[in-house]
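Heads up, the thing below is written out as structure tokens.
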Amino acid sequence: MSDSIIHLISDLHLDESRPETTQHLIEYLSGPAHRAASLYILGDLFEVWIGDDARDSVGEQLIEPFRQLAARGTRVYFMAGNRDFLVGDDYCRRAHIQRIDEPLLLDGVEPPTLLMHGDTLCTDDADYQRFRRKVRNPDWQQKILSRPLVWRKLLARFARSISRWRNGRKPAAIMDVNPQAVHECFRKYAVQRLIHGHTHRPAVHDVDVDGNARQRLVLGDWHGRRGSLIEIQGNTARLLPLE
Ligand code: MN
């Protein structure tokens with residue numbers, strides 16, 4: 001393990017129906033992840049999460065691998081995405097993961113680097129931004145979590161089919177980040193580098209913000225046995241396939 005190596009992953013969308021991706025993550029956690037002093041998971045680790053008390057079977061499978069990674073000295077941080085925003089303190093405590101809010105400025109990294117899931121940059125999707133405001137409200141979350149599990153399962157299934165139907169009708173550009181929102185983000189947080197996931201469009205973009213060279217790195221999603229990783233070492237951030 002090297003102190004200067006940071007790993008970032010996102011959008012694994014783990015689900016019982018895709019065990020090969022869960023297996024791929026477990027292999028990563030018990031191998032390549034050891035190189036990193038810190039691992040940041042930038043949201044959508046799980047396809048759906050209806051509360052820690054549901055004891056999600058994929059979540060349970062990951063507890064031991066996460067614990068072992070932490071025991072070897074890699075700190076693991078979790079930032080919620082638009083699918084797993086109900087992951088709570090109880091699960092994080094059991095898995096030895098630390099929950100972090102977005103956006104997060106990486107401590108001690110040069111050039112200044114900001115982390116987020118990425119959904120807040122997709123401002124053209126007004127529908128979704130309305131939904132997001134609702135479900136990220138702590139009162140709403142408390143209300144939902146106090147409902148019986150069966151009810152939450154049904155709600156999740158319903159929400160998923162609605163979102164699939166809606167997204168299928170949206171033009172592709174609406175589902176990507178809005179360039180203005182990206183520029184505003186660089187200005188607001190005065191960072192030189194932005195790292196996010198969510199759009200499933202892995203790339204390294206050079207962005208000109210008011211005449212200054214900036215960089216936006218986008219993590220890819222995980223599918224089957226194909227993953228996506230960003231490794232930061234010293235001043236360099238690299239986007240890597242994880243096979
Ligand atoms: Mn997402």
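Remember, it's 1-based here, ligands and their atoms both numbered in the order they're listed. By convention here, the first residue in the shown sequence is residue 1. From a predicted model like this one, the values you see are computed outputs, not experimental measurements.
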For this session: Using 2.8 Å as a strict upper limit, say whether an N, O or S atom of Asp11 approaches the Mn ion (ligand 1) that closely.
Result: no
Seminar exercise, completed: The residue among Val177, Asp11, Val182 that forms side chain to side chain contact (heavy atoms under 4.5 Å, CB included) with His196 is Val177
For this session: Measure from the Mn ion (ligand 1) to every N/O/S atom of Asp44 and report the name of the nearest one.
Result: OD2
Exercise. Can a cation-pi geometry be assigned to Arg169 and Trp165, taking NZ or CZ under 6.0 Å from the six-membered ring centre and within 45° of the ring axis?
Worked result: yes
For this session: Run the salt-bridge test on Arg93 and Asp52 with the 4.0 Å N-O cut-off and return the result as yes or no.
Result: no
Problem set entry | Heavy-atom check, side chain of Tyr40 versus side chain of Ile232, under 4.5 Å | no
Exercise. Within the stated cut-off of 2.8 Å, is an N/O/S atom of Asn82 closer than that to the Mn ion (ligand 1)?
Worked result: yes
For this session: Check all N, O or S atoms of His198 and name the one closest to the Mn ion (ligand 1).
Result: ND1
